[in-house]
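Note sheet for the following structure.
Counting from 1, the numbers follow the sequence of the chain as shown.
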Amino acid sequence: MSLILTFHINEEAAGMSLLQYLKQQRISKKAIVATKHRGGQLLVNGSVQNVRYQLNLNDQLTVIFPKESRSEGLTPYEYPLDILYEDDYLLVINKPAGLPTIPSIRYPHQTLANALVHYYNRQGLDSTLHFVNRLDKDTSGLLVVAKYRHIHHLMTDEIKHMKRKYYTLVKGDLSGTGTINAPIARLQEGNVKRGVVLDGDDAVTHYRVLEKFSENTLVECTLETGRTHQIRVHLSHLGHPLVGDTLYDEQAIVLSEGHLLHSYFVEFIHPITKELQTFQTPIPKRFYL
């Protein structure tokens with residue numbers, strides 16, 4: 001099964017070339033070429049047409065995207081997925097702490113990506129994996145997965161409009177609300193650790209204190225950008241590293257499920273239906289030490 005999209009040509013689109021219309025629908029040049037030459041089809045009223053075809057009022061355009069191939073090394077892994085939402089175009093998954101999102105040298109097989117391959121195989125879905133947002137291995141919470149390359153293209157174009165909020169438990173007594181606007185970059189080539197670096201990538205995190213405990217503070221963080229380790233780096237930079245974050249706090253207590261960070265809220269406009277989609281989860285029990 002591959003992605004199939006159908007469009008009804010209205011007065012505004014009548015007279016456009018097929019190519020012009022496809023571009024207006026934000027179908028990338030790469031996708032158009034792939035559809036023409038790698039097993040897809042462009043049908044108008046059921047007949048194959050080329051991109052020079054001039055559209056008429058009330059034409060029905062069907063775009064059949066080619067099947068997507070996966071890396072041979074991406075083997076299935078049977079794992080129970082907590083799927084909060086699914087339709088023909090995307091999934092929203094609640095990822096547990098301790099499960100890597102994608103394979104690596106250290107975790108080559110038992111990852112969310114491998115679990116999705118197993119799930120896709122059971123569903124008969126001929127597609128590879130397209131994560132709209134990413135979470136660290138020890139970060140739990142909401143992940144949006146596009147089922148097809150074109151859907152991923154539409155969603156990553158709009159990623160800046162996706163609202164993402166996190167719960168985190170940090171060390172020390174943090175107060176009030178604030179915004180951390182500090183660029184982030186890798187500290188050393190080949191090393192996963194990031195830090196605040198003057199010539200790094202722009203990174204903005206908004207935070208709000210929710211509750212104070214004797215030694216720690218429960219904080220809500222809202223991302224304006226999505227840099228690797230952004231919340232971990234920014235709060236450590238403030239002097240309040242995440243509880244259990246051994247990478248950014250040498251004095252951290254090692255927790256069985258890693259640092260306490262949970263992606264609890266995502267909101268976005270659906271790339272096909274254009275409807276507002278909102279998903280939210282509670283604070284995980286692991287936050288209550």
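Val196 and Leu247 fall within a single hydrophobic cluster, where Ile, Leu, Val, Met, Phe, Trp and Tyr side chains are chained together by heavy-atom contacts under 4.5 Å. In this structure, Ile231 is not a member of the same hydrophobic cluster as Val204, with clusters built from ILVMFWY side-chain heavy atoms closer than 4.5 Å. Placement of Leu125 and Ile83 within a single hydrophobic cluster is found when ILVMFWY residues are connected by side-chain heavy-atom separations under 4.5 Å, directly or transitively. There is no path of hydrophobic side-chain contacts, each under 4.5 Å, that joins Met162 to Ile269. Residues Leu91 and Ile102 share a hydrophobic cluster, clusters being chains of Ile/Leu/Val/Met/Phe/Trp/Tyr side chains in contact below 4.5 Å.
Between Phe7 and Tyr21, a ring centre-to-centre spacing shorter than 6.0 Å is recorded. Ring pair Tyr77/His109: centre-to-centre distance below 6.0 Å. When ring centroids are compared, Phe65 and His150 come within the 6.0 Å threshold. In this structure, Tyr85 has its ring center closer than 6.0 angstrom to the ring center of Phe279.
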Legend entry - Criterion side chain to side chain contact (heavy atoms under 4.5 Å, CB included) on Leu61 and Leu22, from CA distance to verdict: CA-CA 10 Å; Leu61 168 63; Leu22 292 173; 4.1 Å; yes
Inset, instruction - For the pair Val209 and Thr177, evaluate side chain to side chain contact (heavy atoms under 4.5 Å, CB included) and give the outcome as yes or no after the intermediate values. - result: CA-CA 6 Å; Val209 169; Thr177 62; over 6 Å; no
Inset, instruction - Check the pair His262, Leu169 against side chain to side chain contact (heavy atoms under 4.5 Å, CB included), reporting the backbone distance first and the verdict last. - result: CA-CA 9 Å; His262 177 73; Leu169 195 66; over 6 Å; no
Inset, instruction - Given side chain to side chain donor-acceptor pair (under 3.5 Å), test Lys212 with Ser175 step by step and report yes or no. - result: CA-CA 9 Å; Lys212 293 187 179 184; Ser175 298; 2.8 Å; yes
Inset, instruction - Tell me, with the steps shown, if Lys36 and Leu42 meet side chain to side chain contact (heavy atoms under 4.5 Å, CB included). - result: CA-CA 7 Å; Lys36 287 169 57 183; Leu42 299 174; 4.3 Å; yes
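A distance-only check finds no donor-acceptor pair linking the side chain of Arg286 to the backbone of Leu260 [under 3.5 Å]. Between the His206 side chain and the Thr179 main chain, no donor and acceptor come within less than 3.5 Å of each other. Remark: the backbone N or O of Thr75 is paired with a side-chain donor or acceptor of Asn114 at under 3.5 angstrom. With Ser263 contributing its side chain and Tyr166 its backbone, the two residues share no donor-acceptor pair below 3.5 Å. Proximity of a side-chain donor or acceptor of Asp59 to a complementary backbone N or O of Val44 within less than 3.5 Å is not detected. Looking at Asn133, its side chain does come within 3.5 Å of a backbone N or O of Leu142 through a donor-acceptor pair. A donor-acceptor distance shorter than 3.5 angstrom exists from the side chain of Asn191 to the backbone of Lys193, with no hydrogens or angles considered. Within the 3.5 Å criterion, the main-chain N or O of Leu223 finds no donor-acceptor partner in the side chain of Thr205. One N or O on the side chain of Asn10 and one on the backbone of Ala13 form a donor-acceptor pair closer than 3.5 Å. Judged by distance alone, with hydrogens and angles left aside, the side-chain atoms of Ser236 form no donor-acceptor pair with the main-chain N or O of Val233 at under 3.5 Å.
Inspection of the His240 and Asp173 side chains reveals no N or O donor paired with an N or O acceptor under 3.5 Å. Remark: the Glu267 side chain and the Thr278 side chain contain an N/O donor-acceptor pair separated by less than 3.5 Å. A donor-acceptor contact under 3.5 angstrom links the side chains of Thr225 and Gln230, judged on distance only. In summary, the side chains of Arg186 and Thr228 do not present any donor paired with an acceptor at a separation below 3.5 Å, with no hydrogens or angles considered. A side-chain donor from one of Glu68 and Ser127 sits under 3.5 Å from a side-chain acceptor of the other.
Counting all heavy atoms, side chain and backbone alike, Leu129 lies closest to Ala113 at CD1-O, 3.1 Å.
Looking only at side-chain heavy atoms (C-beta outward), Leu235 and Leu242 come within less than 4.5 Å of each other. Side-chain contact between Phe268 and Leu276 is absent, with no heavy atoms from C-beta onward closer than 4.5 Å.
In this structure, Ile64 belongs to a hydrophobic cluster whose other members, linked by side-chain heavy atoms under 4.5 Å apart, are Ile4, Leu43, Val48.
Atom NE2 of His153 has more than 12 heavy atoms from other residues, nucleotides or ligands within 6.0 Å. Other residues, nucleotides and ligands place no more than 12 heavy atoms under 6.0 Å from the CD1 atom of Ile253.
Here CE of Met16 is found 14.5 Å from OH of Tyr53. Values are rounded to the nearest 0.5 Å. Note that NE2 of His118 and CG of Leu116 are 11.0 Å apart. Values are rounded to the nearest 0.5 Å. Distance check, rounded to the nearest 0.5 Å: CG of Leu99 to CG of Asp136 gives 12.5 Å. With values rounded to the nearest 0.5 angstrom, Lys137 atom NZ is found 13.5 Å from Leu112 atom CG.
Taking His229 as the reference, Tyr248 meet the ring pair (Phe, Tyr, Trp, His ring centres under 6.0 Å) condition, with sequence neighbours excluded. By the ring pair (Phe, Tyr, Trp, His ring centres under 6.0 Å) test, His259 is found to be paired with no residue, residues two or more places apart in sequence or in another chain being considered.
Using a cutoff of 4.0 Å between basic side-chain nitrogens and carboxylate oxygens, Asp245 and Lys171 are not scored as salt-bridged. We find that Lys147 and Glu86 are joined by a salt bridge, their nearest charged nitrogen and carboxylate oxygen being less than 4.0 Å apart.
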